[in-house]
Amino acid sequence: MLTNAFLARAALGRASLEECDLRRVWATKSWCNKAQMTGADLREALFNKADMVACDLTGADLRHAVLSRSDLQQATLRGAKLSGAHLLSTDLSDADLTGATAEEEPVHLDKSYLNQARLNNAVLRNASLIGAKLRHADLTDADLTGADLTGADLRRARGLTVDQLLATGSIERARLDPNLHAACRRSAPGTEPAAGGPVGQE
């Protein structure tokens, strides 16, 4: 049990922390790359500015955890609980969030990098994704009801449908592929996402 432990700048790379009680751990700027945290309890833990590349957080409880400005590239968060978590400006590029849930309270992912992330079947109700980068992300069957996608970059996102976009709280200035942009305008004339230009244009 590591509840309330102070692990700032700790070297936890490849550590075996499966099912570990890490509630309220203070691990700012720690090195946790490739750590095994499957099923760990990380509620209210502080891992901001941490190196968590390829960390396995499958089924972890991250409710109200703070992982802002951390590097979670290629991390696995399949089935993780994210209600109330803060992942602001966090790099989740190519991360696996299949089936992750944030149902009780919104997850905060503003300005995060989710390029090529797998979010299929994720429940992100009322999530804040303002300015998030979701290029090539897999959003197949993701629940985006009430989510704020203001200014988000969704170009070439896979599995993204008009119905998903119309169920969100906002897609104002969101960057979409031209076909989705046109379909949204037809379905909801007051909706003004930004045209993405030619597909693939930066």
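Nothing fancy with the numbering, it's 1 onward along the sequence.
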Could you list all the side chain to side chain donor-acceptor pair (under 3.5 Å) pairs where at least one residue sits in residues 4-19, not counting sequence neighbours?
-> Asn4-Arg24
Considering the options Asp94, Leu92, Asp153, which one meets the side-chain contact (heavy atoms from CB on, under 4.5 Å) requirement together with Leu114?
-> Leu92
Can you sort out the partners of Asn115 under side chain to side chain donor-acceptor pair (under 3.5 Å), two or more places apart, ordered by chain and number?
-> none
How long is the gap from CG on Leu62 to OG on Ser83, to the nearest 0.5 Å?
-> 10.5 Å
Check: His64 and Arg43 side chains under 4.5 Å, non-hydrogen atoms | no
Heavy-atom closest pair, residues Leu139 and Ala157 | CD1-CB, 4.0 Å
Check whether any side-chain heavy atom of Cys55 lies under 4.5 Å from a side-chain heavy atom of Gln36, and answer yes or no.
-> no
Does any pair with a residue in residues 132-153 pass ring pair (Phe, Tyr, Trp, His ring centres under 6.0 Å), and if so which ones, sequence neighbours excluded?
-> none
Tightest non-hydrogen contact, residues Ala95 and Leu72, listed as CB-O, 3.8 Å
Side chain of Thr90, backbone of Ser112: donor and acceptor closer than 3.5 Å?
-> no
Heavy atoms of Leu12 and Ala35 approach each other most closely as O-CB, 3.6 Å
Smallest heavy-atom separation, Asn126 atom then Pro106 atom, equals O-CB, 3.0 Å
Rounded to the nearest 0.5 Å, the CG atom of Leu87 sits from the OG atom of Ser70 at a distance of 8.0 Å
Which side-chain N or O atoms in residues 44-53 pair as donor and acceptor under 3.5 Å with protein atoms at least two apart or in another chain?
{"unit_1": "Asn48", "atom_1": "OD1", "unit_2": "Thr28", "atom_2": "OG1", "d": "3.0"}
{"unit_1": "Asp51", "atom_1": "OD1", "unit_2": "Val53", "atom_2": "N", "d": "3.2"}

With Gln164, which residues qualify under side chain to side chain donor-acceptor pair (under 3.5 Å), at least two apart?
-> Thr161
Rounded to the nearest 0.5 Å, how far apart are CG of Leu154 and CG of Leu180?
-> 8.5 Å
Going by the salt bridge (charged side-chain N to carboxylate O under 4.0 Å, His left out) test, which pairs reach into residues 68-82, not counting sequence neighbours?
-> Arg78-Asp96
Would you mind telling me which of Ser68, Ser89, Ser128 makes a side chain to side chain donor-acceptor pair (under 3.5 Å) with Asp110?
-> Ser128
Go through the side-chain N and O atoms of Asp56 and Thr76 and say whether any donor and acceptor fall under 3.5 Å apart.
-> no
Interatomic distance, CE@Met37 vs OG1@Thr58, rounded to 0.5 Å, equals 12.0 Å
Could you give all pairs that pass the ring pair (Phe, Tyr, Trp, His ring centres under 6.0 Å) test and reach residues 152-175, with sequence neighbours left out?
-> none
Give, for atom CG of Leu134 and atom CG of Leu149, the distance between the pair rounded to the nearest 0.5 Å.
-> 7.0 Å
Main-chain N/O of Arg63 paired to Asp61 side chain as donor or acceptor, under 3.5 Å = yes
Contacts of Asp148 that satisfy side-chain contact (heavy atoms from CB on, under 4.5 Å) - sequence neighbours left out = Ile130, Thr150, Ser170
Are Phe6 and Leu17 connected, step by step, through hydrophobic side chains (Ile, Leu, Val, Met, Phe, Trp, Tyr) whose heavy atoms are closer than 4.5 Å?
-> no
Start with the C-alpha gap between Asp41 and Leu22, add the side-chain angles, then the distance that decides, and say whether side-chain contact (heavy atoms from CB on, under 4.5 Å) holds.
-> CA-CA 5 Å; Asp41 189 343; Leu22 295 162; over 6 Å; no
Checking Ser187 side chain against Cys184 main chain: does a donor-acceptor pair fall under 3.5 Å?
-> no
Those residues at least two apart in sequence (or on a different chain) that pass side-chain contact (heavy atoms from CB on, under 4.5 Å) with Asp138 are Asn120, Thr140, Arg158
Tyr113 and Leu82: same hydrophobic cluster, using ILVMFWY side-chain contacts below 4.5 Å?
-> no
In terms of hydrophobic clustering (I, L, V, M, F, W, Y; side-chain heavy atoms under 4.5 Å; direct or indirect links), are Leu7 and Trp31 co-clustered?
-> no
side-chain contact (heavy atoms from CB on, under 4.5 Å) between Leu42 and Leu57, intermediate numbers included | CA-CA 10 Å; Leu42 290 144; Leu57 290 153; 3.5 Å; yes
Please walk me through it: do Leu165 and Leu176 pass side-chain contact (heavy atoms from CB on, under 4.5 Å)?
-> CA-CA 10 Å; Leu165 291 168; Leu176 304 173; 4.0 Å; yes
Hey, mind stepping through Leu160 and Asp177 against side-chain contact (heavy atoms from CB on, under 4.5 Å) and telling me if it holds?
-> CA-CA 10 Å; Leu160 184 61; Asp177 288 338; over 6 Å; no
Minimum side-chain heavy-atom gap Thr3-Val25 below 4.5 Å = no
Side-chain heavy atoms under 4.5 angstrom apart, residues restricted to Ile, Leu, Val, Met, Phe, Trp, Tyr: same cluster for Val66 and Val107?
-> no
Applying salt bridge (charged side-chain N to carboxylate O under 4.0 Å, His left out), which residue pairs with at least one partner in residues 125-134 are found, sequence neighbours left out?
-> Glu103-Arg125, Arg125-Asp143
Least distance between heavy atoms, Leu109 atom then Ala132 atom | O-CB, 3.9 Å
Apply ring pair (Phe, Tyr, Trp, His ring centres under 6.0 Å) to His108 and list each qualifying residue two or more places apart in sequence or on a separate chain.
-> His86
Can you list the residues that meet the side-chain contact (heavy atoms from CB on, under 4.5 Å) rule with Ala182, with sequence neighbours excluded?
-> Arg186
